[in-house]
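These figures come from a predicted structure and were not determined experimentally. So that the names make sense, note that chain A is the first sequence line, chain B the second, and so on, each numbered from 1.
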Number of protein chains: 2
Amino acid sequence: MITIKEIAKLANVSPGTVDRVIHDREGVSKKTSDRIKAILKEHNFKVNRIAQSLAMKKKYTIAVLLPDYDTENSFWKSPLEGIEKAKEEIRSFGVDVETFSFDQKNPKSYIESFAELLNTNPQGVVVVPTFKKETKNLTDILLQENIPFVFLNIALSGYGNLSFIGQDSFKSGYLSGKLMRLCLNDDDDILTIHSRLNLSNFNNISQRTEGFDYYFKENKLRNTNHYIEIEDFWDTKKVKTNISTFLRREPKIRGIFVPNSRSYIIADHISTLRNSVPFLIGFDLTDHNAQALVDDKITFLISQKPFQQGYRAINSLSRFLLYNTPPSTEILSSIEIVTKENIPDHRQKQHSILL
Amino acid sequence: MITIKEIAKLANVSPGTVDRVIHDREGVSKKTSDRIKAILKEHNFKVNRIAQSLAMKKKYTIAVLLPDYDTENSFWKSPLEGIEKAKEEIRSFGVDVETFSFDQKNPKSYIESFAELLNTNPQGVVVVPTFKKETKNLTDILLQENIPFVFLNIALSGYGNLSFIGQDSFKSGYLSGKLMRLCLNDDDDILTIHSRLNLSNFNNISQRTEGFDYYFKENKLRNTNHYIEIEDFWDTKKVKTNISTFLRREPKIRGIFVPNSRSYIIADHISTLRNSVPFLIGFDLTDHNAQALVDDKITFLISQKPFQQGYRAINSLSRFLLYNTPPSTEILSSIEIVTKENIPDHRQKQHSILL
DNA sequence: CACAACTTCGTGTGCGCACACGTAAAAATA
DNA sequence: TATTTTTACGTGTGCGCACACGAAGTTGTG
């Protein structure tokens, strides 16, 4: 690893001059600049990030705004863990991360938390733009103050965000369609179960459904897809009778598609019914869903690697702040197929060289 | 982030003394040592890895011994790329990586490359222990010289290796069984196609087969599983007629299981036959296999994340050398199910904060 | 009591880089 | 020509840490 000092010696200048050239600062004649640039290229000079971050005294704060989670809906736990991991890693680089949360069902708490967030004067923001309209007002402030921000999990366009970190929902639905077809025979029916309450994540879920349907349409498959919409997933009794009567009426249903992270509820219901259904495809590897998978109540879970998404959001924004390298506008995590047989071992942690 | 200097001030000692306590070096009285330890704990002190690696002048060399690859069998390309990525990342930490390769079919080249490798006086070794007997002699030298080494991809026990980085082959075969069952009806037959030439990777492949068979046995499924062993996968004509006649004789076969990375060859053959087979499960996401997947000639590929394996091998060994933190004895990468619909986008690169 | 040997601790330097500051020489202006 | 201004560079310091060196204070030995 060639150093600035060595380059300086080769070019018969001082390290300071080389430093100026590297950072495109003014105060160097064209002639020497060109000479130094040539030498840099020749020796394939790369700044030592280690030394660089030690020398850079500039501090950054990244603020994160996530929906909060509880035991019943723990989806947002994983992204948060990914964020925490990234936070630990980049601490020594002078980047601090502050996390704020809000109630998914309450736009007001979203706005309030955002205001609180702004008070910390962050140099970068990660936000899950759950509420479309409210987001516009808030991101406009960020644009005005020239604070870069990225969207996590929910893709909105035309808001001026630096990047979107999430999944391709349509594609994941399309994949679900393929998996469903592989399980079913040509004349089996399908049941898609929606939740009417998932307004905040509406985009992702409807795109999953579209992708799913498109798979069958594109391949000219003639399986009938029934739909039911459930008002309240938590009203156990009602959900149960609801589904039960539906299944009795439609005995050809052999596959159930639940395009949200509450699949385990449906799975638990189904498994207690007499007229059970062999195949169920759900989304997101939450603890509850994982349990249902292990108990053979769910066939496939489609995971979007939420941990990685959180991690990457922080990572890409940090790289932008530190090195001014903009991330790609879309960072899509891989769509993972999880079955009982390949559930990732949660104990296995990957350690970074930095920790 | 509290620094050593600050801790020193709090404890009324010099930074040097704190440094001694942190590294358990001698020369500090029990009394002050305890006091300092308490303060360190109280303030949750963590060494700044950035500054540490800059200050540490000790240099390490890790030597890697991999099978080489060509266009026909490109399996080892991915691990190598993972190794290269890790190499770039840890360069500034004073760890260098040197790669050596050998011919998978030639034990002599294995021994020779190993000898060459030893000449570079590495402080750590990553090796794919393709040849069992030969490996024993060579790792004994490493043990004698107290050079830590990890096994990549092939698990041998009783060799004194620091860690094994790879996959759980049995489990991946078991998973294949599950996927196959989901696709098939109760009275469909299966064909498992072995390659007699895969001696060097024999362990992994036979374990896959065992896992596959075990799934059907455990679940008391009565699908008949036929086996054929092919001498030379490259003898196109012979393979084709071979399989063709077999399939004609056994018209109930609707699923094919190929427990090695050459599935694409079988897939290509099958697709040209009149009596085609709908489901094919293979292993490893090589370029050829990916193409066959895209062309709908393969249903599922089981991937072992070879890139990550290479990366992790270097990473864990580096952590051991730098920080003396031993990795877990088994680092098993997740077993990934890949279909045409969720093939990972190869262009999407994940950038570390270090690069 | 003198001197050695050991214990316990402080000091100084440098890793590679960013950046503020200083200083010559060249160019512009009076 | 004398001066100010500008251009083009060199120098020095510190980021947090590891580690070599040295200097007190303490104990042991004759």
Side-chain angles (χ1 to χ4, degrees), chain A residues 1-37 39-40 43-60 90-96 321-324 354-355, chain B residues 1-37 39-40 43-60 90-96 321-324 354-355:
Chain A
M1 289 231 348
I2 195 157
T3 69
I4 285 186
K5 220 195 280 179
E6 291 170 321
I7 297 281
K9 204 168 281 175
L10 289 172
N12 281 322
V13 292
S14 75
T17 303
V18 179
D19 175 74
R20 273 178 277 260
V21 172
I22 289 171
H23 296 91
D24 278 323
R25 268 185 286 246
E26 54 183 6
V28 185
S29 69
K30 178 99 171 51
K31 205 176 127 194
T32 43
S33 169
D34 284 348
R35 194 172 76 244
I36 293 175
K37 272 177 187 163
I39 297 178
L40 286 172
H43 291 80
N44 189 29
F45 175 85
K46 295 249 171 66
V47 281
N48 184 336
R49 295 292 192 200
I50 300 282
Q52 182 179 53
S53 71
L54 197 62
M56 283 217 289
K57 276 160 265 184
K58 199 178 274 182
K59 301 289 174 198
Y60 297 99
I90 60 169
R91 226 173 40 172
S92 355
F93 288 82
V95 181
D96 195 24
L321 293 174
L322 290 170
Y323 313 140
N324 204 28
L354 289 164
L355 300 180
Chain B
M1 288 230 347
I2 196 159
T3 69
I4 285 185
K5 222 196 277 180
E6 290 170 323
I7 296 280
K9 205 168 278 175
L10 289 171
N12 280 321
V13 292
S14 73
T17 304
V18 178
D19 175 74
R20 272 179 277 260
V21 172
I22 289 171
H23 295 90
D24 278 323
R25 268 186 286 250
E26 54 183 8
V28 185
S29 69
K30 178 96 172 48
K31 207 176 123 191
T32 44
S33 169
D34 285 347
R35 193 172 77 244
I36 293 174
K37 270 177 187 165
I39 298 178
L40 287 171
H43 291 81
N44 190 28
F45 175 86
K46 296 247 174 66
V47 282
N48 185 334
R49 295 289 192 205
I50 300 283
Q52 183 179 53
S53 73
L54 195 62
M56 284 216 290
K57 277 160 264 183
K58 200 178 274 182
K59 302 289 175 199
Y60 297 98
I90 59 169
R91 223 173 41 171
S92 348
F93 289 80
V95 181
D96 195 25
L321 293 174
L322 290 170
Y323 313 140
N324 204 30
L354 289 164
L355 301 179

### Task
Starting at atom CG of A/Asp34, determine the distance to atom P of D/dA8, rounded to an integer number of angstrom.
13 Å

### Message
Counting the atoms with a prime plus P, OP1 and OP2 as sugar-phosphate, which does B/Asp19 contact under 4.0 Å by heavy atoms, base, sugar-phosphate, or nothing?
### Response
base

### Query
When the distance from NZ of A/Lys58 to P of C/dA18 is rounded to whole Å, what number comes out?
12 Å

### Message
With a 4.0 Å cutoff (strictly under), does any side-chain N or O of B/Ser53 reach OP1 or OP2 of C/dC15?
### Response
no

### Query
When all nucleic acid strands are considered with a 4.0 Å heavy-atom cut-off, which category describes A/Thr32: base, sugar-phosphate, or nothing?
sugar-phosphate

### Query
Can you tell which of A/Ile7, A/Val18, A/Val21 makes a side chain to side chain contact (heavy atoms under 4.5 Å, CB included) with A/Val13?
A/Val18

### Query
Taking OP1 and OP2 of C/dG10, is either one under 4.0 Å from a side-chain nitrogen or oxygen of B/Thr17?
yes

### Query
Between A/Gly16 and A/Lys30, who's closer to the 5' end of DNA chain D by nearest nucleotide?
A/Lys30

## Note on the structure
Of the listed D/dC17, D/dA8, C/dG16, the closest approach to the A/Thr3 side chain comes from C/dG16

### Summary
In whole angstroms, the gap separating P of D/dC9 from CZ of A/Arg25 amounts to 15 Å

### Query
Between B/Arg49 and B/Tyr323, is NZ or CZ placed under 6.0 angstrom from the six-membered ring centre and within 45° of the ring axis?
yes

### Query
Are any of B/Ser14's side-chain N or O atoms less than 4.0 Å away from OP1 or OP2 of C/dG10?
yes

### Query
Roughly, in whole Å, what's the span from CG in B/Asn48 to P in D/dG14?
18 Å

### Message
From CD1 of B/Ile22 over to C1' of C/dC9, roughly how many Å is that when rounded to an integer?
### Response
15 Å

### Query
Quick one: is C/dT8 close enough that its OP1 or OP2 comes under 4.0 Å of any side-chain N or O from B/Arg20?
no

#### Entry: A/Lys59 atom NZ, over 12 foreign heavy atoms within 6.0 Å
yes

### Task
Could you check which of C/dC17, D/dG10, D/dA18 has an atom nearest any side-chain atom of B/Ala55?
D/dA18

#### Entry: Whole-Å gap separating P (C/dC15) and CD1 (A/Ile2)
15 Å

### Task
Classify the nucleic acid contact of B/Phe45 as base, sugar-phosphate or nothing, counting any heavy atom under 4.0 Å across all strands shown.
sugar-phosphate

### Query
Any sub-3.5 Å donor-acceptor pair from B/Tyr60's side-chain atoms to B/Asp96's backbone N or O?
no

### Query
Just how far is it from atom CD1 of B/Ile50 to atom CD1 of A/Ile90, taken to the nearest 0.5 Å?
11.0 Å

### Message
Could you tell me how far apart B/Lys46 (NZ) and D/dG16 (P) are, to the nearest whole angstrom?
### Response
17 Å

### Query
Starting at the 5' end of DNA chain C and moving along, which residue's nearest nucleotide shows up first, A/Met56 or A/Lys5?
A/Lys5

### Query
Can you tell me how far the CD1 atom of A/Ile4 sits from the CG atom of A/Asn48, to the nearest 0.5 Å?
9.5 Å

### Message
Using whole Å, what does the distance between atom C1' of nucleotide C/dC17 and atom CZ of A/Phe93 come to?
### Response
13 Å

### Task
Consider the side chain of B/Pro15, meaning its heavy atoms from C-beta on, and name the nucleotide among C/dT11, D/dC19, D/dG16 that approaches it most closely.
C/dT11

#### Entry: N or O in side chain of B/Gln52 less than 4.0 angstrom from D/dG16 OP1/OP2
no

